[in-house]
Protein chains: 2
Amino acid sequence: MGANTTLKKIAEHLNISISTVSRALKDHPDVAGETIRRVKELAQMMDYEPNAFAISLRKQKSNLYAIMVPEVGNFFYHGFIQAVEEEARKTGHSVLILQSMNDAKIEADNLKICRHNNVAGIFVALSTQTIAYEPFHRLREFHDIPLLFFDKVPESDAFHKVVLADEDAGYMAGTITMDANVGEVLVILGHENLSLSRRRRKGFEMAVLAKSDMKVRYVYADAIEKAEEETVSFLEGDPDQPLVFAMSDEILCGVMRGIQRLAIAVPDKCKILALSAGFFPSLYMPAISYIETSGYKLGKECFQRMRVISANKVEPMEGSIYCQYVPGGSL
Amino acid sequence: MGANTTLKKIAEHLNISISTVSRALKDHPDVAGETIRRVKELAQMMDYEPNAFAISLRKQKSNLYAIMVPEVGNFFYHGFIQAVEEEARKTGHSVLILQSMNDAKIEADNLKICRHNNVAGIFVALSTQTIAYEPFHRLREFHDIPLLFFDKVPESDAFHKVVLADEDAGYMAGTITMDANVGEVLVILGHENLSLSRRRRKGFEMAVLAKSDMKVRYVYADAIEKAEEETVSFLEGDPDQPLVFAMSDEILCGVMRGIQRLAIAVPDKCKILALSAGFFPSLYMPAISYIETSGYKLGKECFQRMRVISANKVEPMEGSIYCQYVPGGSL
DNA sequence: AATATTCCCGCAATCGTTTGGGATAAATTG
DNA sequence: CAATTTATCCCAAACGATTGCGGGAATATT
């Protein structure tokens, strides 16, 4: 039996009107102090909890935030989800998790779900397949739902977005690579469609521009296996003083599989550098040196940004999170 | 502007009543075929989407399922979440993710959130700190919200639960260990509070009962570091023909860190066996032999079970998912 | 031609909460 | 003492979708 306490039931018990009960619970000045006391007491007794649907129906806003990512299995997003969840809890919100599975169709469907649920805001990491942005535009224009892209963001600056300082991270990686005094470098980037891959590459290229005697090869890998194969074929070419730079945790896993397959000693026979959230590098011996890209920090930052966007109309802008180098033993 | 299409707007455009529109959209026989056609056409045009709140308010049920886990960062849960999300999508539901952070207080708060949102059902993996089950009971009794425990479940059989066939998995691990012809075994289990740890241990003990010449040591580890330390101190004792059995992916990571720290050759100097979802074992060379405990399969099974529970009142029962041995090179 | 049947459709209440606009007392003022 | 202010409270209309019931018109049955 759905023995849920409602304003109506409290009102009946106290022989007052529903509106008075409603006002009493929020300390409205129109209600007598004595009445407020009695109402609150009974509400407490009856374990009253306001009905979220009724409120949402009336206010046209829910207490849900949505996070849409390609896959929850992606390591980078744990921290992000965790951070948003933590913050959301503080403001009495909850988090809806949606996966796009890198499918533009599902992505669009998910946006519909957000609309249905009139979510208070959406955090989106784009799928690699997204080409049409109308669904996103419509959400903002017609439905007034705050939208914030993170990590995998559109090129267009018509949207709010927060990213890691990708170019900086790439530049940092490039600098570290140069200082490491290596001969040939394999840079393994993520999916080619992602602006994040391009930004990181750009940063890296900028950094190593000066050092013309260093051979750099850029490849894209969208799966662990691809990264493994690229690593193996690179190292089988018997490169001189090699270094492999892995742009993500997933890629790092692939790289290390290749390294282990060839039984190559790190860092003696091959140096490794990664962009990572920090967990995977610690799995290897020696620990992999990495540039930290914290999904957790990104999540915290995004949530604050979301609050600002929700509160006032602000022009779309891009923000970024700075990275930090964490030296290990692979370099 | 919340330019949302409602039944009312459609009705006004067509000069018919709201109820007729509502009925037309669901092919109610009381509506003329021609009217249905016109309504559907306009609804399509105006991009009508029913308001989830209004429906939920009326039906007292939402289209949300909740999943509560200690932490989304736990590897085992990815597959689970993914599976539930996939299935939920098929029935037009969405998934609310809640974390208990292994805190009984937060866990109880989360249950309140579920109540507020009148979720259609809750999937719970218990925190290690849960001792009071009243909040769960109340949810079922008073609020009629289907509750299904998975993975980390209460001992009480007053609840629905689906677990991996933990005892079987333990037994299987025991059998494999025996056949591997080893001398000393370190079994690293998860948190001591969890019934799952006890069940796995029990299964393992049953299997190795016969083989009295094999020395087995059982330890509990609730963190990667603990698993690493236990492994190191075990192997430093220079055991005869050793094997380490890791009960989870997290523990496996710790074990391998220990192995690498001591630079011990697998499987020559030490054999490894794990219970795993399958990803981490593939990270090492040779690949770790493991017994597959698929969160994904568990999720699929749980969702089906949830549907049954929701549809009809059924007696609480326990279900389980069978495991499978995936040989690698570590054994 | 009168009655019964079928087919369409609209009215109105409901879910629980919020809120602007009264309404009724008592208290204050001139 | 009449007029106005104040303190409390209630009515009713939203929000959007659903649904039992009733009614009018067209058709079918006697």
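Order of the sequence lines sets the chain letters (A, B, ...), proteins ahead of strands, with each chain counted from 1. Note that the structure is a prediction, hence the values are computed from the model and not measured.
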### Task
Whole angstrom is fine here: how far is it from NE2 in B:H116 over to C1' in C:dG16?
13 Å
### Query
Between B:N15 (CG) and C:dC8 (C1'), how many Å, whole number?
16 Å
### Query
Are A:E86 and A:Y296 close enough that a side-chain donor and a side-chain acceptor fall under 3.5 Å?
yes
### Task
Could you check A:E87 against A:K90 for salt bridge (charged side-chain N to carboxylate O under 4.0 Å, His left out), going step by step and ending with a plain yes or no?
CA-CA 5 Å; A:E87 292 299 311; A:K90 291 184 194 163; 3.0 Å; yes
### Task
Calculate the interatomic distance between B:L14 atom CG and C:dC8 atom P; express it in whole Å.
16 Å
### Query
For D:dG16, does OP1 or OP2 lie under 4.0 Å from any side-chain N or O of A:Q60?
yes
### Summary
Shortest non-hydrogen pair, A:L147 vs A:I309, comes out as O-CD1, 4.3 Å
### Task
Determine, for nucleotides 17-26 of chain C in 5'-to-3' order, which nucleotides have protein heavy atoms under 4.0 Å from the base (write B), from only the sugar-phosphate (write S), or from neither (write -).
BBBBB-----
### Task
Output yes when at least one side-chain N/O atom of A:T35 is less than 4.0 Å from OP1 or OP2 of D:dC9, else no.
yes
### Query
What does B:S56 touch in the nucleic acid at a heavy-atom separation under 4.0 angstrom: a base, only the sugar-phosphate, or nothing?
nothing
### Query
Between A:E301 and A:R305, is a salt bridge (charged side-chain N to carboxylate O under 4.0 Å, His left out) present by the stated rule, with each step listed?
CA-CA 6 Å; A:E301 170 67 21; A:R305 187 69 61 100; 3.3 Å; yes
### Qualifying residues under salt bridge (Lys or Arg N to Asp or Glu O under 4.0 Å), relative to A:K26, sequence neighbours excluded
none
### Worked verdict on B:R38 versus B:E41 for salt bridge (charged side-chain N to carboxylate O under 4.0 Å, His left out)
CA-CA 5 Å; B:R38 283 169 51 215; B:E41 189 181 287; over 6 Å; no
### Query
How close or far is atom C1' of D:dC9 from atom CZ of A:R38, stated in whole angstroms?
12 Å
### Query
For the pair made of CG in A:L25 and C1' in C:dG16, what is the distance, rounded to whole Å?
13 Å
#### Entry: Interatomic distance, A:L57 CG vs D:dA13 P [rounded to whole Å]
17 Å
### Summary
Taken to the nearest whole Å, CG/A:D27 to C1'/D:dT8 is 15 Å
### Presence of salt bridge, A:R89 and B:D109, under 4.0 angstrom
no
### Message
Expressed as a whole number of angstroms, how long is the span from A:E34:CD to D:dT8:P?
### Response
11 Å
